**Student:** 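I'd like to ask some things about the structure below.
Protein chains get the first letters and strands the later ones, always in sequence-line order, with residue 1 at the start of each. Quick caveat: nothing in here was measured; it's all calculated off a predicted structure.
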2 protein chains.
Amino acid sequence: MGKQMTEMLKGTLEGIVLAILAVRSAYGYEITAWLRDQGFADIAEGTVYALLVRIEQRGFVDVEKVPSEKGPPRKVYSLNTQGRDHLEEFWRTWSFLSERLEQLHRGGN
Amino acid sequence: MGKQMTEMLKGTLEGIVLAILAVRSAYGYEITAWLRDQGFADIAEGTVYALLVRIEQRGFVDVEKVPSEKGPPRKVYSLNTQGRDHLEEFWRTWSFLSERLEQLHRGGN
DNA sequence: TACCGGTACATAGCAATGCTGAATACCGCC
DNA sequence: GGCGGTATTCAGCATTGCTATGTACCGGTA
């Protein structure tokens, strides 16, 4: 994608990752691969890891180190209660924005 | 709104303003008032002006100074062809993101 | 006159977030 | 030993919205 997508991801990528973790626990490399698979072709490797560090520091996830057969140990993230609350608020914010944008897209105000 | 909305507006506020200008020409103060009316209660005055300066520098809008009865002259912005192209690309980017998020919202929790 | 509120625009410095680019480390296979 | 895939980390940068403040024009009013 382009610069447009980059800017739009600010504020939404966190929600996307939290939503992924709401379905099941996952580790950074896996999440990046999943995103690329979904069409977010240019998501930078480092971006996801930095985001994971942030949401860990904010207490939205629990972390467990799990040995891997094919490389260094994985850091598996699980969404906790606080994370679920934050995700819910994310959906509320996004819904508001989404509705306004749909309105504009359809035909004006 | 909160920090969440602030971050989410990065990358979308520009599109919102372009979409407004696609309907009809407008000036900064007017746009800010409209946004506040639509529920974007905490949009900062300066934010819109800075954004307008940016999209003018990028050549998305034409500007005309119009005297006002109630204060300093208004800078009325009109979307030009380049701006319309950019807006279309914005909608494509947003649609992509929106679809992915809807998917996550539905299938997730 | 002097002041206030509403209209209208501008800007310097800050905070948050994604990207670039590079480094580190583990493993199997040629 | 070297290569490629797996897996994480970090320093420095660009972009963008917010805070705070300043400028300017006008009408009403005390």
Side-chain angles (χ1 to χ4, degrees), chain A residues 1-18 25-36 40-58 60-61 63-77 86 90 93 97, chain B residues 1-18 25-36 40-58 60-61 63-77 86 90 93 97:
Chain A
M1 307 281 129
K3 197 164 73 68
Q4 192 127 228
M5 181 59 91
T6 292
E7 292 308 322
M8 225 179 283
L9 282 175
K10 293 186 182 182
T12 53
L13 185 56
E14 182 182 293
I16 292 172
V17 169
L18 291 178
S25 302
Y27 54 97
Y29 193 82
E30 194 183 7
I31 294 170
T32 304
W34 186 87
L35 287 170
R36 295 211 164 126
F40 296 97
D42 299 342
I43 289 277
E45 195 83 40
T47 298
V48 173
Y49 288 111
L51 196 159
L52 289 170
V53 167
R54 277 202 305 274
I55 63 178
E56 183 187 353
Q57 282 171 347
R58 287 182 201 165
F60 297 151
V61 288
V63 189
E64 196 191 354
K65 223 162 213 176
V66 178
S68 163
E69 297 167 359
K70 298 187 182 175
R74 298 165 174 167
K75 282 180 74 176
V76 176
Y77 294 83
H86 191 72
F90 167 80
T93 305
L97 196 57
Chain B
M1 308 276 129
K3 197 164 75 66
Q4 191 130 225
M5 180 59 90
T6 291
E7 292 308 323
M8 224 180 282
L9 281 175
K10 293 186 181 182
T12 53
L13 185 57
E14 182 181 293
I16 292 172
V17 169
L18 291 178
S25 302
Y27 54 98
Y29 193 83
E30 193 182 6
I31 294 170
T32 305
W34 184 88
L35 287 170
R36 295 209 166 130
F40 297 97
D42 299 343
I43 289 278
E45 192 85 38
T47 299
V48 173
Y49 288 112
L51 197 159
L52 289 169
V53 167
R54 279 203 304 274
I55 63 177
E56 181 187 354
Q57 281 171 348
R58 286 181 199 164
F60 297 152
V61 287
V63 189
E64 196 192 354
K65 222 162 213 176
V66 178
S68 162
E69 296 167 2
K70 299 187 182 176
R74 298 166 174 165
K75 282 181 74 177
V76 176
Y77 294 82
H86 191 72
F90 167 80
T93 305
L97 196 57

**Student:** On DNA chain C, check which nucleotide each of A:V48 and A:P72 is closest to and give me the residue with the more 5' one.
**Tutor:** A:V48
**Student:** With a 4.5 Å heavy-atom cut-off, do B:I31 and B:V17 have their side chains touching?
**Tutor:** yes
**Student:** Picking from C:dT17, D:dT16, D:dT19, which would you name as closest to the side chain of B:A44?
**Tutor:** D:dT19
**Student:** Ignoring hydrogens and angles, does a donor from either the side chain of B:K10 or the base of D:dT16 sit under 3.5 Å from an acceptor on the other?
**Tutor:** yes
**Student:** Check whether any side-chain N or O of B:Y29 sits under 4.0 Å from OP1 or OP2 of C:dC9, and answer yes or no.
**Tutor:** no
**Student:** Whole-Å distance between C:dT17 C1' and A:F90 CZ?
**Tutor:** 14 Å
**Student:** Just checking A:T47: base, sugar-phosphate only, or nothing, at a heavy-atom cut-off of under 4.0 Å?
**Tutor:** base
**Student:** When we call it a touch if two heavy atoms are under 4.0 Å apart, what does B:L13 touch: a base, just sugar-phosphate, or nothing?
**Tutor:** sugar-phosphate
**Student:** Tell me: CE of B:M5 to C1' of C:dT17, nearest whole Å?
**Tutor:** 17 Å
**Student:** Starting at atom OH of B:Y49, determine the distance to atom P of D:dC18, rounded to an integer number of angstrom.
**Tutor:** 14 Å
**Student:** Looking at every non-hydrogen atom in both residues, tell me the closest pair between B:K65 and B:P73 and how far apart they are.
**Tutor:** CG-CB, 4.1 Å
**Student:** In whole Å, what is the span from the CE atom of B:M8 to the P atom of C:dG18?
**Tutor:** 11 Å
**Student:** Does the side chain of B:K70 get closer than 4.0 angstrom to OP1 or OP2 of C:dG5 through an N or O atom?
**Tutor:** no
**Student:** Quick check for you: among C:dT7, C:dC9, D:dA7, whose closest atom lies nearest to any side-chain atom of B:S68?
**Tutor:** C:dT7
**Student:** May I ask you to say what A:G46 touches in the nucleic acid, namely base, sugar-phosphate or nothing, with a heavy-atom cut-off under 4.0 Å?
**Tutor:** base
**Student:** Return the value, rounded to whole Å, for the distance between atom NZ of A:K65 and atom C1' of D:dT9.
**Tutor:** 11 Å
**Student:** Under 4.0 Å between any heavy atoms, over every strand shown, what does A:G11 touch: base, sugar-phosphate, or nothing? Just pick one.
**Tutor:** sugar-phosphate
**Student:** Just how far, in rounded Å, is C1' of C:dT17 from CD1 of A:I43?
**Tutor:** 12 Å
**Student:** What's the CD-P distance between A:Q57 and C:dA16, to the nearest Å?
**Tutor:** 12 Å
**Student:** Restricting to non-hydrogen atoms, name the atom on A:Y27 and the atom on A:K75 that form the minimum distance, rounded to 0.1 Å.
**Tutor:** CB-O, 3.1 Å
**Student:** Is a side-chain donor or acceptor of B:R74 paired with a backbone partner of B:P67 at a separation under 3.5 angstrom?
**Tutor:** no
**Student:** Check residues 45-57 of chain B and write down every donor-acceptor pair under 3.5 Å in which the side-chain atom is one partner and the other belongs to a residue at least two apart or another chain.
**Tutor:**
residue: B:Y49; atom: OH; partner: B:Y29; partner atom: N; Å: 3.4

**Student:** Mapping B:R58 and A:K75 onto DNA chain D by nearest heavy atom, which one lands closer to the 5' end?
**Tutor:** A:K75
**Student:** Any N or O donor-acceptor pair under 3.5 Å from the base of C:dA16 to the side chain of B:K3?
**Tutor:** no
**Student:** Sequence neighbours left out, cut at 3.5 Å: what donor-acceptor pairs do the side chains of residues 9-16 of chain B make with other protein atoms?
**Tutor:**
residue: B:K10; atom: NZ; partner: B:E7; partner atom: OE1; Å: 3.4
residue: B:T12; atom: OG1; partner: B:M8; partner atom: O; Å: 2.9
residue: B:T12; atom: OG1; partner: B:L9; partner atom: O; Å: 3.2
residue: B:E14; atom: OE1; partner: B:R58; partner atom: NH1; Å: 3.1
residue: B:E14; atom: OE2; partner: B:H86; partner atom: NE2; Å: 2.9

**Student:** If you compare every side-chain N and O of A:R54 against the phosphate oxygens of C:dA15 (OP1, OP2), does one of them come in below 4.0 Å?
**Tutor:** no
**Student:** When you get a sec, tell me which of C:dT7, D:dT6, C:dC19 is the closest nucleotide to the side chain of A:T6?
**Tutor:** C:dC19
**Student:** Could you tell me the separation between the CD atom of A:E45 and the P atom of C:dA23, rounded to a whole number of Å?
**Tutor:** 16 Å
**Student:** NA contact type, B:E30, heavy-atom cut-off 4.0 Å: base, sugar-phosphate, or nothing?
**Tutor:** nothing
**Student:** Start at the 5' end of DNA chain D and walk down; is the nucleotide closest to A:G28 or to B:E69 reached first?
**Tutor:** A:G28
